[in-house]
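Report on the structure given below.
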Amino acid sequence: MPVEEFMAGWISGALGLVLGHPFDTVKVRLQTQTTYRGITDCMVKIYRHESLLGFFKGMSFPIASIAVVNSVLFGVYSNTLLALTATSHQERRAQPPSYTHVFVAGCTGGVLQAYCLAPFDLIKVRLQNQTESRVQPGSPQPRYRGPVHCAATIFQEEGPRGLFRGAWTLMLRDTPTLGIYFVTYEGLCRQYTPEGQNPSSATVLVAGGFAGIASWVTATPLDVIKSRMQMDGLGPKAYHGLLDCMVSSFRQEGLGVFFRGLTINSARAFPVNAVTFLSYEYFLYSWG
Ligand SMILES: C[N+](C)(C)CCCC[C@H](N)C(=O)O
């Protein structure tokens, strides 16, 4: 089984992740807390109260986990295509796979990566939602002192299954939307590349950026629900499940609730996925 795809997926994922994390923190706060009036207000408050560090809360764990998550996504995607079409990454430019195959391979990568991502994502969301200041002495201690402490506390307070809170919603969010991700990327690359050639760096950047946006736009409604389900383990339970969370969020906040974080998700998605695809293609090309 070709392993370069796994390696390239890992490194490119890490590069994209650091770039996008500040956007991600603002997004999670906007989705789960009601104290902010919008993106700018949220950014100003985080900066004033928690300094620049506030934007990077909860990042160390995703950096460690991206090794697993992104390499599973890209590795499974590429190897599923290999199984479906019998063409390796290098051969795929000359013999492009059908969009159905690309979609199926993307969904397969999506299911497996969601399973690996679930506990890491839960911890990230819990840490990002802690608003205690780290710089002011004498401010109250946050509930979780760091990722490992957070994992241990969830395990103790909510049981081993607690670590997979929101996992089902995460899988529903990621399976079709990662199919869309790869179809958009492939589609745009083919559109702007002469037949049989490799896409230029500019094409890869733009196609990757728009693939990220397309995937996040379609993922946002379930992303909101996912974040809420993940937070719903602290204190009395607010929701009976995925459907109940959707219905009661809609009743209380209207249709707009499903688009919370859409602007910031898209703004983050472009640079993150442009860099992810560019470095992925670059590594595969230079190792190939
Ligand atoms: C499927 N969903 C839209 C949730 C994620 C797709 C993009 C994955 C990328 N690592 C990123 O963080 O942007």
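Atoms within a ligand are numbered from 1 in the order they appear, just like the ligands themselves.
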- [ ] Could you tell me if the ring centre of Y185 sits under 6.0 Å from that of F210?
- [x]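 When the ring centroids of Y185 and F210 are compared, they turn out to be at least 6.0 Å apart.
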TODO: Give a yes or no on whether a salt bridge exists between R126 and E157, defined as a side-chain N under 4.0 angstrom from a carboxylate O.
DONE: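 A salt bridge is absent here (no side-chain N lies under 4.0 Å from a carboxylate O).
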Task: Cationic N near anionic O, under 4.0 Å, E281 to R93 - done: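 The answer is yes: the pair qualifies as a salt bridge.
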TODO: Using ring-ring contact (aromatic ring centres under 6.0 Å, His included) as the criterion, point out the one residue from F277, F6, W10 that pairs with F74.
DONE: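 Checked F277, F6, W10 against F74; only one passes ring-ring contact (aromatic ring centres under 6.0 Å, His included): F277.
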Task: Full working for side chain to side chain donor-acceptor pair (under 3.5 Å) between Q31 and K27 - done: CA-CA 6 Å; Q31 286 179 335; K27 177 204 82 176; 4.5 Å; no
Using a 3.5 Å cut-off on N/O to N/O, what pairs does ligand 1 make with the protein? A line per pair would be great.
| residue | atom | partner | partner atom | Å |
| --- | --- | --- | --- | --- |
| ligand 1 | 12 (O) | R268 | NH1 | 3.4 |
| ligand 1 | 12 (O) | R268 | NH2 | 2.9 |
| ligand 1 | 13 (O) | W216 | NE1 | 2.9 |
| ligand 1 | 13 (O) | R268 | NH1 | 3.2 |
| ligand 1 | 13 (O) | N273 | ND2 | 3.0 |

Task: Summary of ring pair (Phe, Tyr, Trp, His ring centres under 6.0 Å) pairs that have at least one residue in residues 213-233, sequence neighbours excluded - done: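 Sorted result for residues 213-233: empty, none.
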